[in-house]
Amino acid sequence: MKKASVLLGFALSYFIVAAFMQLPTEADLSYPKDFRSWKHVKTTLVDKPGTANEKYNGFHHIYANDRALEGYRSGKFPDGSVVVFEVVEMQKKDNVVHEGGRKFADVMFKNAKLFANTGGWQYKEFITGNENADALKDAERTSCYHCHTSKKEEDYIFSKLR
Ligand code: HEC
């Protein structure tokens with residue numbers, strides 16, 4: 001009886017702590033498949049064929065979930081903010097540039113405590129066709145953080161709402 005209540009107490013305190021700290025679940029840190037219904041922050045078109053950075057050729061669409069939208073407005077992104085940088089193929093026909101398929105999505109997930117070593121953000125990359133796995137190696141993830149550090153004063157976010 002005593003043991004059971006100790007266990008129950010344990011379980012309860014975990015849930016209370018988790019609720020307070022807003023610990024993300026695996027699902028919170030996985031590919032956010034509905035992001036195209038979020039706030040569209042901006043789009044950039046990169047057209048540099050034949051360069052080393054060919055991977056980034058195409059449309060860059062940035063999307064923010066509701067919490068991240070608060071961050072864009074206030075300059076401080078709350079835990080649970082998710083920002084997606086979607087890279088989409090461009091197809092040129094006559095004088096029109098059309099969107100093709102999505103190449104990949106780079107995603108930033110905010111949790112100040114959990115990701116304190118990288119400015120409070122986790123960086124991931126989801127390649128189209130293999131969205132169940134994060135494609136980044138540790139060194140690549142570190143380079144995401146290093147470049148974004150130049151925007152430390154803006155909470156590591158480059159883009160601005162239009
Ligand atoms: C060499 C610098 C550099 C590196 C490395 C880099 N980024 Fe970025 N990132 C940028 C810039 C610049 C923008 C803004 C682009 C724009 O405004 O169109 C950006 C935008 C973003 C955004 C949208 C939010 C924002 O900051 O505007 C996300 C999400 C993102 N990057 C994730 C990543 C991930 C994940 C990686 C690693 C795989 C990565 N970035 C590596 C420079 C970099």
Side-chain angles (χ1 to χ4, degrees), residues 6-44 46 53 55-89 99-162:
V6 168
L7 277 177
L8 189 68
F10 239 11
L12 269 179
S13 43
Y14 174 82
F15 286 121
I16 291 166
V17 168
F20 261 111
M21 290 180 67
Q22 294 186 322
L23 292 176
T25 64
E26 251 333 286
D28 295 332
L29 299 173
S30 58
Y31 179 67
K33 60 178 169 28
D34 295 327
F35 69 80
R36 276 184 170 174
S37 62
W38 297 357
K39 174 74 179 172
H40 172 225
V41 176
K42 65 173 285 194
T43 291
T44 309
V46 176
N53 252 346
K55 176 180 174 187
Y56 288 96
N57 273 344
F59 294 93
H60 298 178
H61 300 302
I62 298 178
Y63 293 91
N65 71 356
D66 285 345
R67 290 210 178 164
L69 192 54
E70 277 176 58
Y72 273 103
R73 292 191 169 127
S74 69
K76 187 82 197 109
F77 289 73
D79 285 356
S81 293
V82 183
V83 186
V84 175
F85 175 93
E86 181 193 37
V87 179
V88 174
E89 278 170 2
E99 284 191 59
R102 177 185 304 127
K103 297 163 98 176
F104 63 91
D106 278 353
V107 185
M108 292 170 66
F109 299 92
K110 181 76 185 265
N111 188 288
K113 283 206 182 69
L114 214 55
F115 309 122
N117 291 340
T118 47
W121 292 96
Q122 171 68 298
Y123 294 80
K124 291 192 177 186
E125 183 163 284
F126 300 96
I127 314 270
T128 300
N130 193 20
E131 285 90 345
N132 290 332
D134 166 22
L136 296 180
K137 299 194 179 76
D138 286 348
E140 293 168 321
R141 201 184 314 286
T142 305
S143 73
C144 309
Y145 164 61
H146 281 158
C147 188
H148 277 254
T149 299
S150 64
K151 288 289 169 187
K152 193 170 176 192
E153 299 304 314
E154 280 79 39
D155 208 354
Y156 302 87
I157 295 292
F158 280 95
S159 49
K160 299 264 178 257
L161 274 181
R162 291 173 302 164

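Residues Val84 and Trp38 are in side-chain contact: their nearest non-hydrogen atoms beyond the backbone lie under 4.5 Å apart. Within the 4.5 Å cutoff, side-chain heavy atoms of Val82 are placed close to those of Val107. Looking at heavy atoms from C-beta onward, Lys110 lies out of side-chain contact with Pro78 at the 4.5 angstrom threshold. Contact of the His61 side chain with the Val88 side chain is registered, since non-hydrogen atoms from C-beta on lie closer than 4.5 Å. Side-chain atoms of Leu69 and Leu161, non-hydrogen and from C-beta on, do get closer than 4.5 Å to each other. Residues Ile157 and Met108 meet the side-chain proximity criterion, which asks for heavy atoms closer than 4.5 Å.
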Throw together a table of side-chain donor-acceptor distances under 3.5 angstrom for residues 115-122, partners on residues two or more places apart or in other chains.
residue: Thr118; atom: OG1; partner: Phe115; partner atom: O; Å: 3.3
residue: Thr118; atom: OG1; partner: Trp121; partner atom: O; Å: 2.8
residue: Trp121; atom: NE1; partner: Asp155; partner atom: O; Å: 2.9

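Aromatic ring orientation, Phe35 versus Tyr31: perpendicular (interplanar angle above 60°, classes split at 30° and 60°).
Counting heavy-atom neighbours within 6.0 Å of Arg162 CZ, excluding the residue itself, gives a total above 12. Atom CG of Asn130 has more than 12 heavy atoms from other residues, nucleotides or ligands within 6.0 Å.
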Quiz item: ring pair (Phe, Tyr, Trp, His ring centres under 6.0 Å) between Tyr123 and His148: does it pass, once the steps are laid out?
Solution: CA-CA 10 Å; Tyr123 294 80; His148 277 254; 5.5 Å; yes
Practice problem: Please report the C-alpha distance between Leu136 and Cys144 in whole Å, then the side-chain angles of each, then the deciding distance to 0.1 Å, and finally whether the side-chain contact (heavy atoms from CB on, under 4.5 Å) criterion is met. | Solution: CA-CA 10 Å; Leu136 296 180; Cys144 309; 3.9 Å; yes
Exercise. Could you walk me through whether Phe85 and Phe158 pass side-chain contact (heavy atoms from CB on, under 4.5 Å), step by step?
Key: CA-CA 11 Å; Phe85 175 93; Phe158 280 95; over 6 Å; no
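Side-chain contact, Tyr156 with Ser150: no donor N or O sits under 3.5 Å from an acceptor N or O.
Ring centroids of Tyr72 and Phe77 are separated by less than 6.0 Å, placing the two rings close together.
For the salt bridge (charged side-chain N to carboxylate O under 4.0 Å, His left out) condition, the pairs that include at least one residue of residues 135-154, sequence neighbours left out, are Asp134-Arg141. Listed by first and then second residue, the salt bridge (charged side-chain N to carboxylate O under 4.0 Å, His left out) pairs involving residues 31-44 are Arg36-Glu86 (not counting sequence neighbours).
Not one N or O on the side chain of Arg102 forms a donor-acceptor pair closer than 3.5 Å with the backbone of Thr128.
Between atom CD1 of residue Ile62 and atom NZ of residue Lys160 there is a gap of 11.0 Å, rounded to the nearest 0.5 Å. Taking CG from Leu29 and CZ from Phe109, the interatomic distance works out to 5.5 Å, rounded to the nearest 0.5 Å. Between the CG atom in Asn111 and the CG atom in Asp28 there is a gap of 9.5 Å [rounded to 0.5 Å].
Among all heavy-atom pairs drawn from Ala112 and Asp79, the shortest one is N-OD1, 2.9 Å.
Using a 4.0 Å cut-off between charged side-chain N and carboxylate O, Glu125 and Lys55 make a salt bridge.
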